Each structure stands twice: as structure tokens, then as C-alpha cells.
Amino acid sequence: MIDASDFPDLERPRRNRKSAVIRNLCRETDLSADRLIYPLFLHEDSQDEPLDSLPGQFRFCVKGLVSEIQKAKSEGIGAFVLFPKIPDEQKNSTGDEAFNPDGLIPRAIQAIKAEVPDAVVITDVALDPYSSDGHDGILSPDGRILNDETIDVLTQQALCQAEAGADIIAPSDMMDGRVGAIRSVLDANGFEEVSILSYTAKYASAYYGPFRGALDSQPRSGDKKTYQMDPANAREALREVDLDENEGADMLMVKPAGPYLDIIKRVREATTLPVAAYQVSGEYLMIKAASQSGWLDEKKVALESLVGIRRAGADMILTYYARDAARWLSEG
Ligand code: PBG
């Protein structure tokens with residue numbers, strides 16, 4: 001007979017930490033390159049241009065983009081999301097360049113598919129890079145973002161991307177009803193196999209600042225608070241989850257990631273769909289700036305930030321650290 005008094009009363013959780021082998025056996029969360037998605041900026045120029053506002057990142061020309069994807073593929077990154085910087089003269093108030101079949105994004109997709117056919121190409125659906133107003137939707141003269149008019153353009157944008165060969169369409173605009181509308185248009189045109197990764201809970205965040213600098217896509221007036229979510233809200237994210245699921249999204253995203261780990265966890269618990277999280281430009285930049293000043297160990301902090309996002313419940317992470325992380329993880 002075992003007597004409870006035979007057991008020592010001190011709990012010793014440190015036993016499970018006593019060697020690297022045991023720690024590895026007990027580890028609850030894995031981080032690997034195949035969970036990462038690499039966001040890439042591109043432009044019309046013929047040269048790659050380093051981004052001052054996002055050290056370590058570039059605006060690539062189409063040729064440079066393909067070679068960056070080849071390098072990242074060889075390091076274990078399989079999926080890429082593309083963001084175009086559009087010259088001012090191609091922008092207008094309805095963002096028509098977004099569905100130009102000869103535009104930068106369709107040409108880039110075709111170049112990637114020709115050279116690296118198994119790279120998974122994800123495209124952003126929203127008007128901000130193409131809009132002379134710098135908004136994700138169409139701005140009315142009285143300063144409102146017109147939901148249903150915008151959806152007409154977004155569905156054309158999504159179809160144009162699918163026709164060029166995109167594997168996954170990622171609407172980041174936060175208009176109501178866009179996932180269902182895009183799904184219908186894709187299906188009606190024979191693109192049943194093209195997936196939708198919805199920016200389900202996308203917050204009106206100041207952490208997007210460096211990204212908007214990279215694309216010159218700052219709103220020219222007002223802000224994005226009538227379509228992106230209030231950072232104070234969590235229940236509302238679950239409402240967006242229900243809508244996106246019902247409208248046919250294949251994967252759901254939370255954005256930003258680090259300051260919204262509770263949202264990632266709640267979305268994870270509310271859905272059976274895969275959950276993505278976007279470690280956005282400002283999150284990357286904070287780690288970068290602190291480590292360039294010698295204040296933080298970049299490798300350790302970046303990997304810790306990514307494992308934290310995984311632990312909260314993200315299956316996949318969009319991160320500007322994708323290539324570095326793949327390399328660091330392979331170094332052990
Ligand atoms: C545009 C879009 C934004 C980001 C991704 N898609 C910016 C915004 O909504 O203003 C931000 C990504 C980042 O900061 O890294 N719809």
C-alpha cells in the first residue's frame with residue numbers, strides 16, 4: 001500500500017528541465033521554417049532597393065524577387081505574400097490598377113510560377129497600394145469608405161490574382177462581406193481550388209507604420225478606424241470569425257500578432273480552421289532597432305517572439321524574420 005505521506009511534499013518541476021534532451025522531449029510548442037510565411041515588397045524599378053524604414057528588408061524588382069524566393073525556398077520557407085509599391089501616376093480614387101492583368105502583381109506571380117513553380121504565392125486583396133487616397137476601400141467625397149462599391153473592385157482584384165496563378169488570396173481590407181463575394185467570384189470562374197486566407201481580426205494598429213512607409217500607402221486623410229478593428233475589442237474578433245467561416249474562408253488571420261496573443265488564443269479556440277498570425281512591420285522594427293543598439297539579442301528575442309505566437313495558437317506566422325529564423329533554427 002502506498003501511503004500519501006511517502007511522497008515528498010516539494011514539487012520539483014525542474015526535473016523536466018535538467019538537460020537539453022529532456023527539455024526537448026518535454027517541449028510543448030515547435031517552431032520550424034515550414035510554419036513561416038515571408039512577406040515581400042516589390043516595385044517596378046529594375047534594381048532591388050534596401051528599405052531604410054525596415055532594415056534588412058527590400059523593395060525587390062521582379063527579378064530580385066524571384067531570386068529572394070529561390071534563396072528562401074532553399075532555407076525551408078515555402079510560402080510568400082506579395083506587397084506592391086505602385087507609382088503615383090498609376091493610382092486613382094477607385095484603385096483600378098489593382099485588377100490590371102499586366103500590373104506588377106500579376107507579372108510577379110507569373111515570373112515566380114515560371115521559375116519556382118512550387119513556391120506558394122499569397123496575394124493581398126485591398127486597395128491601399130493602388131488608391132490615391134491611401135485607403136483600403138473607395139473613399140466617398142464626404143469622407144466615408146464605401147463598402148459595397150469597394151467589394152466590386154476587390155472581387156476583380158482577387159480574380160485577376162487568381163488568373164495570374166496565385167495559390168492563396170488574402171483579403172486584408174476589412175470590408176463587410178468580402179470573403180463571401182470573393183469566394184463566389186473565384187468559384188464562378190473555375191478557381192475553386194484557390195484558397196482564401198482572411199484577415200479576420202485586423203486591428204487599426206500603429207504597428208503598421210513602417211509598412212505604409214515601404215509602400216507609400218499612408219491614408220492621405222483620416223484613419224482606418226471605420227473598417228479596421230478597435231484594439232480594445234476581443235469579442236468582436238469572434239464575430240468576425242463566425243462571418244468569415246460562414247462566407248467560406250479557408251484560414252483565419254489575426255494581425256498584429258505579439259500585442260494580440262489573447263486574440264490568437266481566442267480565435268484558435270473558436271474555430272477548427274487553421275489560424276495565421278502576422279508579426280507586422282512595427283513588431284519586427286522594434287526588435288531590429290533594439291538589437292541594432294545592442295540592447296537586445298536579436299536572434300534570441302526574435303525566436304522567442306515567434307514561439308510565443310505559436311504557443312498562443314497560431315499554426316502559421318507571417319514574419320519579416322522568416323529567412324533569418326529559418327537560418328537560426330537550422331543552426332540549432
Ligand atoms: C494593407 C495592409 C497593411 C499591412 C498588410 N496589408 C497596412 C494597413 O492596413 O494599413 C500591414 C503589414 C505590416 O505592417 O507589416 N491592407
Side-chain angles (χ1 to χ4, degrees), residues 36-42 51 53-59 79-86 91 95 97-98 104-105 122-139 145 147 150-151 153-154 157-158 161 166 168-176 178-179 182 196-231 240 253-260 276-289 302 305-306 309 314 316-322:
L36 304 179
I37 297 171
Y38 186 15
L40 293 160
F41 301 104
L42 59 154
L51 284 168
S53 64
L54 224 43
Q57 304 300 311
F58 292 80
R59 276 189 210 115
F80 305 87
V81 57
L82 309 182
F83 295 105
K85 176 172 188 292
I86 301 299
K91 298 185 184 186
E97 180 62 20
L104 180 56
I105 286 289
I122 306 173
T123 48
D124 193 78
V125 170
L127 300 187
D128 49 324
Y130 306 94
S131 154
S132 46
D133 298 307
H135 276 286
D136 294 28
I138 297 172
L139 188 69
I145 298 296
N147 194 87
T150 297
I151 294 213
V153 185
L154 298 177
Q157 180 181 23
Q161 295 169 346
I168 302 178
I169 305 287
S172 74
D173 53 282
M174 290 300 279
M175 297 300 119
D176 294 331
R178 89 277 206 212
V179 170
I182 291 171
I196 297 181
L197 163 59
S198 177
Y199 285 67
T200 296
K202 176 173 178 179
Y203 287 88
S205 171
Y207 288 89
Y208 307 151
F211 173 100
R212 294 178 189 169
L215 296 188
D216 186 25
S217 63
Q218 302 83 355
R220 306 296 187 252
S221 64
D223 54 40
K224 299 193 175 185
K225 291 180 185 170
T226 69
Y227 46 105
Q228 298 180 352
M229 285 176 51
D230 182 341
E240 294 283 0
M253 193 196 302
V254 175
K255 174 184 174 185
Y260 294 84
Y278 196 148
Q279 182 179 54
V280 300
S281 56
E283 296 178 75
Y284 168 84
L285 192 65
M286 288 195 304
I287 299 173
K288 198 50 129 182
S305 70
L306 294 173
I309 295 165
M316 62 195 101
I317 307 173
L318 293 84
T319 175
Y320 301 97
Y321 272 118

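Start at 1 and go down the list; that is how both ligands and their atoms are numbered. One is the number of the first residue; the rest follow in order along the sequence. Owing to the predicted nature of the structure, the values given are computational and were not obtained by experimental measurement.
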Exercise. With sequence neighbours left out, write down each residue that passes side chain to side chain contact (heavy atoms under 4.5 Å, CB included) with Phe83, or none if nothing qualifies.
Key: Pro39, Phe41, Val81, Asp124, Tyr199, Phe211, Leu215, Tyr278

Exercise. Examine Lys255 relative to Tyr208 and say whether NZ or CZ is less than 6.0 Å from the centre of the six-membered ring and inside a 45° cone about the ring axis.
Key: yes

Quiz prompt | Matching residue for Asp128 among Arg220, Lys224, Lys91 - test: salt bridge (charged side-chain N to carboxylate O under 4.0 Å, His left out) | solution = Lys224

Exercise. Could you tell me which residues satisfy side chain to side chain donor-acceptor pair (under 3.5 Å) with Tyr260, sequence neighbours excluded, listed by chain and number?
Key: none

Practice problem: May I ask you to check whether Tyr320 and Glu283 show a side-chain donor-acceptor distance below 3.5 Å? | Solution: no

Practice problem: Tell me, please, which residues at least two apart from Thr319 pass side chain to side chain donor-acceptor pair (under 3.5 Å). | Solution: Gln279

Exercise. Give the protein residues with at least one non-hydrogen atom closer than 4.0 Å to an atom of ligand 1, ordered by chain and number.
Key: Phe83, Asp124, Ala126, Asp128, Asp136, Ser172, Lys202, Tyr207, Tyr208, Phe211, Arg212, Lys224, Gln228, Lys255, Tyr278, Val280, Ser281, Tyr320

